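Reading through the structure tokens given below for one structure.
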Amino acid sequence: MSVTSPERPAETTTKRVLLAAPRGYCAGVDRAVVAVEKALETYGTPVYVRKEIVHNKHVVETLRERGAIFVNETDEVPEGARLVFSAHGVSPAVRASAEARSLETIDATCPLVTKVHKEAVRFAKDDYDILLIGHTGHEEVEGTAGEAPEHVQVVNSPDEVDQVVVRDPAKVVWISQTTLSVDETMETVRRLRERFPSLQDPPSDDICYATQNRQVAVKKLAPECDVVIVVGSANSSNSVRLVEVALQSGARASYRVDRKAEIKDEWLEGATTVGVTSGASVPEILVQDVVSHLADHGFGSVEEVRTATEDLMFSLPRELRAGLKAAGEETKRPRREARKELPQV
Ligand code: SF4
């Protein structure tokens with residue numbers, strides 16, 4: 001994926017990398033990946049996982065090699081088997097289907113996605129029309145909308161606002177997918193409010209802390225960058241948004257790559273400052289591979305641009321903790337990856 005913004009002169013002659021912080025794994029991804037690892041360790045194979053546990057090719061391939069079996073739907077799982085729900089969440093219909101097959105489920109839905117589900121349930125109960133800002137077809141949106149299909153309509157972008165039809169303009173609320181562009185979402189809300197002045201806000205931010213923090217860090221470094229490389233998979237919403245944010249914030253070009261092998265030499269031609277960041281589902285090792293690749297191409301100086309410090313960590317899914325406890329195993333866990341300290345600018 002590549003997009004180019006207007007020409008901007010380079011401001012420094014020393015080839016350098018600006019490394020965004022925070023980047024990479026968020027608390028919800030960390031919890032979901034550890035949940036599958038622990039399930040494999042504790043119960044052995046097979047452990048089935050509905051959809052990609054998180055939207056990252058490397059993570060999915062690694063877990064598959066360790067014995068996880070990824071399926072699209074519950075009816076692909078043998079009756080009574082163990083199934084993990086992904087970090088993106090599932091609708092009540094999926095839960096019911098798993099129950100009907102007597103599956104032993106482990107719910108790795110990120111608690112911040114669950115929070116949005118609860119909002120949908122509550123506003124539906126109060127008979128609101130719920131405008132879910134998000135991307136049609138994304139698993140998280142399917143799960144949230146499935147909580148109250150009769151009340152929810154999905155609004156993909158500001159351009160769709162004019163097509164929204166509600167029963168009572170005085171009883172409308174918006175909620176959102178957790179991994180959107182903050183700026184675009186606010187534009188959608190602005191336009192919705194023009195049409196529906198009584199539009200109610202969600203009780204708290206639905207775009208999660210990790211999505212917001214990664215966008216803020218990219219906004220800070222992008223104006224200094226000729227190129228911003230975002231490590232992340234094509235189906236990772238927050239990774240794709242980071243490319244857009246980099247361009248909107250002044251980077252001359254921005255590219256998303258799954259791994260360093262996808263970086264093209266021509267992207268670096270004439271560049272003196274390369275920004276690097278990663279989506280919330282990306283292991284740090286892939287970022288360090290990119291940094292090494294850039295060092296091999298003369299970008300040996302690495303400076304971290306930190307805009308926030310994150311220390312949130314979620315406990316493992318309840319069903320898994322119960323299983324670990326029964327097996328006499330530790331239910332707490334150390335932080336997954338210690339971040340390498342780098343000089344800050
Ligand atoms: S990106 Fe946000 S909502 Fe999604 S798993 Fe991470 S913390 Fe949870």
Side-chain angles (χ1 to χ4, degrees), residues 1 25-29 31-33 49-57 59-60 70-74 84-95 97 107-121 123-124 130-149 151-161 163-164 173-189 192 202 205-212 214-215 230-245 256 258 278-282:
M1 174 181 190
Y25 267 24
C26 61
V29 163
R31 171 181 186 261
V33 173
V49 182
R50 184 182 178 275
K51 310 280 186 188
E52 294 190 350
I53 184 73
V54 298
H55 286 157
N56 184 264
K57 270 190 197 173
V59 171
V60 170
F70 290 89
V71 296
N72 273 321
E73 287 308 336
T74 47
V84 182
F85 292 140
S86 80
H88 309 101
V90 294
S91 67
V94 171
R95 288 182 199 283
S97 154
D107 187 0
T109 303
C110 176
L112 301 181
V113 174
T114 301
K115 184 201 79 147
V116 183
H117 280 225
K118 286 182 177 160
E119 288 169 6
V121 171
F123 286 115
I130 302 167
L131 306 180
L132 170 56
I133 303 174
H135 297 134
T136 303
H138 189 282
E139 284 143 54
E140 182 188 323
V141 169
E142 286 177 354
T144 306
E147 291 285 0
H151 290 81
V152 172
Q153 55 186 304
V154 179
V155 183
N156 280 270
S157 69
D159 295 340
E160 285 193 4
V161 167
Q163 283 117 56
V164 173
V173 63
W174 72 274
I175 60 176
S176 87
Q177 189 178 335
T178 56
T179 50
L180 300 179
S181 153
V182 174
D183 294 341
E184 186 180 297
T185 302
M186 288 305 108
E187 175 59 13
T188 305
V189 172
L192 283 170
D205 284 354
D206 288 341
I207 298 179
C208 76
Y209 80 98
T211 300
Q212 296 196 34
R214 280 147 194 71
Q215 290 177 15
V230 177
V231 187
S233 290
N235 59 346
S236 160
S237 171
N238 75 90
S239 301
V240 174
R241 301 289 83 76
L242 287 172
V243 172
E244 297 167 0
V245 170
R256 183 201 54 75
D258 259 296
S278 57
S281 48
V282 178

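Keep in mind it's a predicted model, so treat the numbers as computed, not measured. When reading the values below, keep in mind they use all heavy atoms of this one structure, side chains included, and skip hydrogens, waters and symmetry mates.
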Point to revise | Shortest non-hydrogen separation from His135 to Leu180 and the atoms involved | key: CE1-CD2, 3.6 Å
How long is the span from the [atom1] atom in [X] to the [atom2] atom in [Y], to the nearest 0.5 Å?
X	Y	atom1	atom2	value
Arg214	Cys26	CZ	SG	6.0 Å
Thr114	His117	OG1	NE2	6.5 Å
Asp206	Thr211	CG	OG1	11.0 Å
Cys208	Leu112	SG	CG	6.0 Å
Thr178	Asn238	OG1	CG	8.0 Å

Just by distance, do the side chain of [X] and the backbone of [Y] share a donor-acceptor pair under 3.5 Å?
X	Y	value
Ser236	Gly232	no
Thr179	Ser237	no
Asn156	Thr136	yes
Arg31	Ala27	no
Gln212	Ile207	yes
Gln215	Val182	yes

Would you check if [X] and [Y] make a side-chain contact, meaning some heavy-atom pair closer than 4.5 Å?
X	Y	result
Gln177	Thr144	no
Ser86	Glu139	yes
Trp174	Ile130	no
Phe70	Ile53	yes
Tyr25	Ser278	no
Val33	Val54	yes
Leu192	Val164	yes
Ile133	Val189	yes

Check your understanding: Yes or no on salt bridge (Lys or Arg N to Asp or Glu O under 4.0 Å) for Lys57 and Glu52, after CA distance, side-chain angles and deciding distance?
Key -> CA-CA 9 Å; Lys57 270 190 197 173; Glu52 294 190 350; over 6 Å; no
Practice item. Take Glu147 and Ser91, measure what side-chain hydrogen bond (donor to acceptor under 3.5 Å, both in side chains) needs, and give me the verdict at the end. Key: CA-CA 6 Å; Glu147 291 285 0; Ser91 67; over 6 Å; no
**Study point:** No-hydrogen, no-angle side-chain donor-acceptor test under 3.5 Å, Thr109 and Asp107
**Key:** yes
Point to revise | Neighbour count >12 (heavy atoms, 6.0 Å) for atom NZ, Lys115 | key: yes
Exercise for review: Fit a plane to each ring of His55 and His88, take the angle between them on a 0 to 90° scale, and name the class: parallel (under 30°), tilted (30 to 60°) or perpendicular (over 60°).
Suggested key: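 Taking His88 first and then His55, their aromatic rings lie parallel (interplane angle under 30°).
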